[in-house]
Amino acid sequence: MYHYTAAQWLFFFFFYSFFGWCFESAYVSISKRKFVNRGFIRGPFLPLYGSGAIMMLLVAGPVRDDLVLVFLSGCVGATALEYVTGVVMESLFKVRYWDYSHKKFNFQGQICLESTLCWGALTVLMTRFLHPQVERFVLWIPSRVLTALVTVVLIYFCVDFAFSFQAAMDLRDILVRAEQAKKEMERMQKRLDVLIAVAGDEFDSRKEAFAERNAQRREELLSGIEARFERLKKDMPASDRLKEKRDELLELRERFVGSRRVGEEKLSDFLKGINRRRMLKSNPTMTSKRFQDVLDYLKNAAAQYRKNGRKED
């Protein structure tokens, strides 16, 4: 087993978190053909890699003389950590920061055979080649110097994590509120279709298909409701039955305008935060089962925000 002080364990955590950030940022930047600062937090750390490295050292320590057992222990330990972390983060933040649904032999999109084998190979690489060199360097650093260094990095990491955590919670809140607003718009759209039918129109298959399409995307949904209001405005003078629904129409119109204004204000306020925009930019593969259309809208809006040259705050 490995026997280290608390400061040494923390140093290993930060070192491998930084190593993971370098690896992932380079990989994603090459695939996207532009620099991408990967990770949940803003600084150059990926805590999953740091935690995974600590996990690898702990599970592989008792069997580090047996290469096969080191590989298998790394596969099991790191994969279990990745699964638990993914499930907890999705439950808390309503989004997935990684998704293996497109990979073969995946489980719930949280883990897959390919990543499991990679974790095992990394465990062998780390315990046999990388960690002995890192360990030698850490043991060379005077205890007081190491403690001071780790303390400074720990304070920075905690502050960075706190801001990033708040940004993730803000993203969760805006996704939930946007989805609630979308459902309200869908109910409003259905009611307007009923009023159009009262005015004498019939629902054909193409109109139903159009309405179904409108329910999928925010901009299409808003434009569909606007079109329905315009149609009813034209039909009202010629329809006695529709005149009876005038108060309901005015109420629906007022609710629509108010909801749209509030929604746009909330989205605008969300995009003003640099940590929020960075989170969207740093996780281009971020997905959400329930809120994917809203998440895509936010990603596009954040990209447009940067293209317009808005001042970073």
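In this text the structure is predicted, and so the values were computed from the model without any measurement.
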Any salt bridge (charged side-chain N to carboxylate O under 4.0 Å, His left out) involving [range]? Give me the pairs, sequence neighbours left out, ordered by first then second residue.
range	value
residues 146-158	none
residues 72-98	E90-R96, R96-D99
residues 112-124	K103-E114

Atom pair [atom1] ([X]) and [atom2] ([Y]), whose distance is rounded to the nearest 0.5 Å:
X	Y	atom1	atom2	answer
E135	W140	CD	CH2	15.5 Å
F93	D173	CZ	CG	11.0 Å
L122	T127	CG	OG1	10.5 Å

To check you understand the geometry: which heavy-atom pair defines the closest contact between [X] and [Y], and what is its length?
X	Y	result
C112	S115	O-OG, 2.9 Å
A121	F71	N-CE1, 3.5 Å
G120	C75	CA-SG, 3.6 Å
T123	A60	CG2-CB, 4.1 Å
L295	L175	N-CD2, 3.8 Å
S288	V95	CB-CG1, 4.0 Å

Same cluster for [X] and [Y] if Ile/Leu/Val/Met/Phe/Trp/Tyr side chains link at under 4.5 Å?
X	Y	result
I54	M56	yes
F165	V88	no
V124	M55	no
V84	L113	no
M169	M89	yes

Using side-chain heavy atoms (C-beta onward) and a distance below 4.5 Å, is [X] in contact with [Y]?
X	Y	result
L139	Q8	yes
F12	V138	yes
V63	L72	no
M286	W98	no

Could I get the full list of side-chain contact (heavy atoms from CB on, under 4.5 Å) partners for F163, not counting sequence neighbours? V159, N275
For I30, the side-chain contact (heavy atoms from CB on, under 4.5 Å) test, sequence neighbours excluded, returns none
In sequence, state the C-alpha distance, the side-chain angles, and the governing distance for V134 and M126, and then conclude on side-chain contact (heavy atoms from CB on, under 4.5 Å). CA-CA 10 Å; V134 177; M126 185 185 72; over 6 Å; no
Could you label the plane-to-plane angle of the F15 and F11 rings as parallel, tilted or perpendicular, counting under 30° as parallel and over 60° as perpendicular? parallel
Pairs where [range] contributes a residue and the test side-chain hydrogen bond (donor to acceptor under 3.5 Å, both in side chains) is met, not counting sequence neighbours:
range	result
residues 49-58	E24-Y49
residues 10-22	Y16-H131, W21-S25, W21-N37
residues 144-166	D160-S164, Q166-D170

Which residues pass the ring-ring contact (aromatic ring centres under 6.0 Å, His included) test with [X], sequence neighbours left out?
X	result
F23	none
F14	F45, F157
Y97	F40
Y83	F107

Please check this pair: side chain of T79 against backbone of V76, looking for a donor-acceptor N/O pair closer than 3.5 Å. no
